[in-house]
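Here is the structure we will look at.
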Amino acid sequence: MTRDDALKQLNHIARERAFGRHVGSGRLIQVGLDALIAGVESPSLAMLAGLLRSEEPEAPALFDQVLEELGLLFHPPADPRAAKWAMAYWVAGQIADGSLDPAVGTHLIWADIAYDLGYPVELEPLVHCAHNLDGWEESWGVSVEELNGEAVEAAKQFVSKGSGVEAGD
């Protein structure tokens, strides 16, 4: 893992946690260890990476301290709707860049975001892809790869429209 990869991983987990996704202490410690080995420098990183099993409850606070030291601490918008839209763009961006499986990402948008936003029209293509990927059967005459490609394209289209989408909300 390169230093840039480690920073991306730290940034990713920062957003996961900021958007309310559970990230276990063991994973936080492992990410800290990976970053330390990759050459990321932060005063608290070695403490995070060296936590023992009995010290795992300290991991979330140390992880946040590392993020702050690296300038990676992320706070989603305070408004719940704006935070959901920010999460939608983040997830769609990951689908679009290939870092998140299209079936997992579109399901997340469908179940955790679109529902809370009242199924806005802007998310319909991604929700449609989630339904197709979730219920896919071989008899449909379309491959899962094609459906994944449609999901990636829908995510790219959504992201390209920019954050002005939720302004009309």
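The residues of the chain are indexed from 1 along the displayed sequence.
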Does this structure show an ion pair linking K156 with E153, if we count only N-O contacts that are shorter than 4.0 Å?
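No.
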
What distance do [X] atom [atom1] and [Y] atom [atom2] have between them, rounded to the nearest 0.5 Å?
X    : Y    : atom1 : atom2 : value
E124 : H131 : CD    : NE2   : 10.0 Å
D116 : K84  : CG    : NZ    : 4.0 Å
D101 : Q94  : CG    : CD    : 11.5 Å
W90  : I113 : CH2   : CD1   : 9.0 Å
L52  : S54  : CG    : OG    : 5.0 Å

Side-chain donor-acceptor contact under 3.5 Å, E69 with S42
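Judged by distance alone, the side chains do pair up.
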
Any chance the side chains of D4 and T2 put a donor and an acceptor closer than 3.5 Å?
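Distance-only check fails for D4 and T2.
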
What closest approach, in Å, do [X] and [Y] show between heavy atoms, and which atom pair accounts for it?
X    : Y    : answer
A49  : L36  : CB-CD2, 3.9 Å
P77  : A83  : O-CB, 3.5 Å
N148 : P102 : OD1-CB, 3.6 Å
F19  : P76  : CE2-CB, 3.8 Å
H107 : A130 : N-CB, 3.9 Å
L126 : T106 : O-CB, 3.6 Å

Student check: side-chain heavy atoms of [X] and [Y] closer than 4.5 Å:
X    : Y    : answer
W140 : L147 : yes
I95  : I109 : yes
F158 : P125 : no
L123 : W85  : yes
I13  : F63  : yes
Q65  : L48  : no

Applying a strict under-4.5 Å side-chain criterion to I, L, V, M, F, W and Y, I'd like to know whether [X] and [Y] cluster together.
X    : Y    : result
L10  : L33  : no
V127 : V144 : no
F74  : V23  : no
I37  : V40  : no
V66  : L7   : yes

Heavy-atom count around E68 CD within 6.0 Å, excluding the residue itself: above 12?
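Count not over threshold, so no.
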
Surrounding OH of Y115 (heavy atoms of other residues, nucleotides or ligands, distance under 6.0 Å), is the total greater than 12?
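Atom OH in Y115 is not packed in, count stays at 12 or less.
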
Pair R21-D112, side-chain contact (heavy atoms from CB on, under 4.5 Å): steps then yes or no
CA-CA 10 Å; R21 309 297 292 173; D112 290 0; 2.6 Å; yes

Please assess L133 against E150 for the test side-chain contact (heavy atoms from CB on, under 4.5 Å), listing each intermediate value before the final yes or no.
CA-CA 10 Å; L133 286 163; E150 289 175 16; over 6 Å; no

Report the C-alpha distance between I29 and E56 in whole Å, list the side-chain angles of each, state the deciding distance to 0.1 Å, and finish with yes or no for side-chain contact (heavy atoms from CB on, under 4.5 Å).
CA-CA 8 Å; I29 294 166; E56 281 186 0; 3.7 Å; yes

Under the criterion side chain to side chain donor-acceptor pair (under 3.5 Å), which of K8, E16, Q9 is the partner of H12?
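When side chain to side chain donor-acceptor pair (under 3.5 Å) is applied between H12 and each of K8, E16, Q9, only E16 qualifies.
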
